[in-house]
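For reference, the structure discussed in these notes is given below.
Note that these values count all heavy atoms, side chains included, but never hydrogens, waters or copies made by symmetry. Bear in mind the structure is a predicted one, so any value in this text is a computation, not a measurement.
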Amino acid sequence: MASGSPKNVSGFIIQGFSDTPELQISLFVLILGIYLIILLGNLIIFLVISCNPHLHTPMYIFLQNLSLIDISSTSTVLPNLLHILLTQQNNISFLGCMTQMYVFVAFAASEYFLLTAMAYDRYVAICDPLHYIARMSRKHCAGLITAAFTVGFVDPVGHVVLISKLSYCASRLINHFFCDITPLLKLSCSSTFSVELLTYIVGALLIFNAFLLTLTSYIFIISAILKIQSSEGRQKAFSTCASHLACVITLYGTGFCLYVRPTTSYSLERDKYFSLLYIALGPVLNPLIYTLKNREFHSSLVKLRQRGFFLLIVNAT
C-alpha cells in the first residue's frame, strides 16, 4: 500500500496530547482504564457467545462480530497512544502510519455496515416473523457479515493509495494521536483535491446509504410496532431492537459530531478529544447496552462462570 511513499518522508511524528503535558499521566490512566473496560466487556461477549450453542442465532452472531470490530478498531489506536503517553516515543514509520490508517478506517466502515445488517435482522424479526428463519438462515447471516467486512475493508483502499502518493512539507508532525485522514492532508504540500473528492463520494455512496438503509428499516419497524394492539406487545417488540437502536444512535451521533460540521468549525486540537470519544464511547457502551437486561446472556454467563471461564477472561486481559 505504501510502496509509492514520497522520497521526502520516511516517517511521521505523532503529537498526541503533548500540547497538554500536565495531563499526560491523567490521560494515560484514563485511557488505560477505558481500554481495559473495552477489552474485558467485549471479550466476555465474544467468548460467552462462542461457548454457548444456544446463542448461535443471527442476533448474537452479529453481536459477536460487533464485539470483534470494537476490540480490533480500538486496539489499532489506543495501545500506541498509551505507549506515546508513557514513553514520549512518538515516531511512526510511513508504512506504519498508512497501515494504521487503513486498518482503523476498515474496521470503522465495517461497523457501519454491520449495524445496517443488524437493522435488517431486526426488521425481519418484527415485520416478517413468520419468514424469519428462512430469511435469516445461517447462510444468509454469514453472507451479510461477509459483505459488511468486505465493503469495509475495500472502502479505505483508495484513500490509502492517494494519500501515500502525496508530497509532504518539511514538518512531519501529525497534530493528532494517530494517523487519521484529515491531519495527514493538513501536512501535504501537494493538492489534496482527489482525496477530498473521494472522501465525499465514499461518504455519499456508502456511509450515507448505510444510514439510509438503517433509517428505512426503523421506519418500518416503528410502523409495525405501532400497529400492535396491546401495550405489552408493543413494549416486548420494541425491547428486541432497543439495544441495537441505542448502538446506532451512539455511533452515528459521535460520527456526525466529529465529521459532519462546517469546515470553519474544524479544530485539530478540539477534534483530538472528539476522536477519542468517537473511538471509545461505542466499544465501552455496546457491551452494557446489549447485556444489561438480557436474561439469556446473563444465564449463559453464570454457567460459564461456574465452569471457570470468567477467571480465564480476567486473566487474559
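C141 has its side chain within reach of I145: a pair of non-hydrogen atoms, C-beta onward, lies under 4.5 Å apart. When side chains are defined from C-beta on, V248 does not count as touching F211, because their heavy atoms never get closer than 4.5 Å. Counting heavy atoms from C-beta outward, P287 and I45 have side chains that approach closer than 4.5 Å. Looking at heavy atoms from C-beta onward, I163 lies in side-chain contact with Y168 at the 4.5 angstrom threshold. The side-chain heavy atoms of M101 and V160, taken from C-beta on, include a pair separated by under 4.5 Å. Residues L197 and I201 form a side-chain contact, since some pair of their non-hydrogen atoms from C-beta on lies under 4.5 Å apart.
Annotation: ring-ring contact (aromatic ring centres under 6.0 Å, His included) contacts of Y112 (sequence neighbours excluded): Y252. Remark: F178 engages F104, H176 in a ring-ring contact (aromatic ring centres under 6.0 Å, His included) (not counting sequence neighbours). For S26, there are no side-chain contact (heavy atoms from CB on, under 4.5 Å) partners at least two apart in sequence or on another chain. Qualifying ring-ring contact (aromatic ring centres under 6.0 Å, His included) partners for F238, counting only residues two or more places apart in sequence or in other chains: none. In this structure, Y290 has no ring-ring contact (aromatic ring centres under 6.0 Å, His included) partners at least two apart in sequence or on a different chain.
Here Y123 and Y218 keep their ring centres 6.0 angstrom or further from each other.
Smallest separation of non-hydrogen atoms from A117 and L144: CB-CB, 4.1 Å.
Each side-chain hydrogen bond (donor to acceptor under 3.5 Å, both in side chains) pair with one or both residues in residues 71-82, not counting sequence neighbours, appears once here: Y35-S75. Within the structure, no pair that satisfies the salt bridge (charged side-chain N to carboxylate O under 4.0 Å, His left out) test touches residues 225-254, not counting sequence neighbours. Among pairs with a residue in residues 143-153, none fulfils side-chain hydrogen bond (donor to acceptor under 3.5 Å, both in side chains), at least two apart in sequence or across chains. For residues 195-254, no pair satisfies disulfide (SG to SG under 2.5 Å), with sequence neighbours left out. The salt bridge (charged side-chain N to carboxylate O under 4.0 Å, His left out) pairs that include a residue from residues 117-129 are D128-R135, where partners are two or more places apart or lie in different chains. Screening residues 142-165 for ring pair (Phe, Tyr, Trp, His ring centres under 6.0 Å), with sequence neighbours left out, gives F107-F153. Listed by first and then second residue, the ring pair (Phe, Tyr, Trp, His ring centres under 6.0 Å) pairs involving residues 38-77 amount to none (not counting sequence neighbours).
A donor-acceptor pair is defined here as one N or O able to donate and one able to accept, closer than 3.5 Å; such a pair exists between the side chain of Q24 and the backbone of F17. Listed for the N90 side chain is no donor-acceptor partner under 3.5 Å among the backbone atoms of I84.
Each of I228 and F220 belongs to its own hydrophobic cluster when Ile, Leu, Val, Met, Phe, Trp and Tyr are linked at side-chain heavy-atom distances under 4.5 angstrom.
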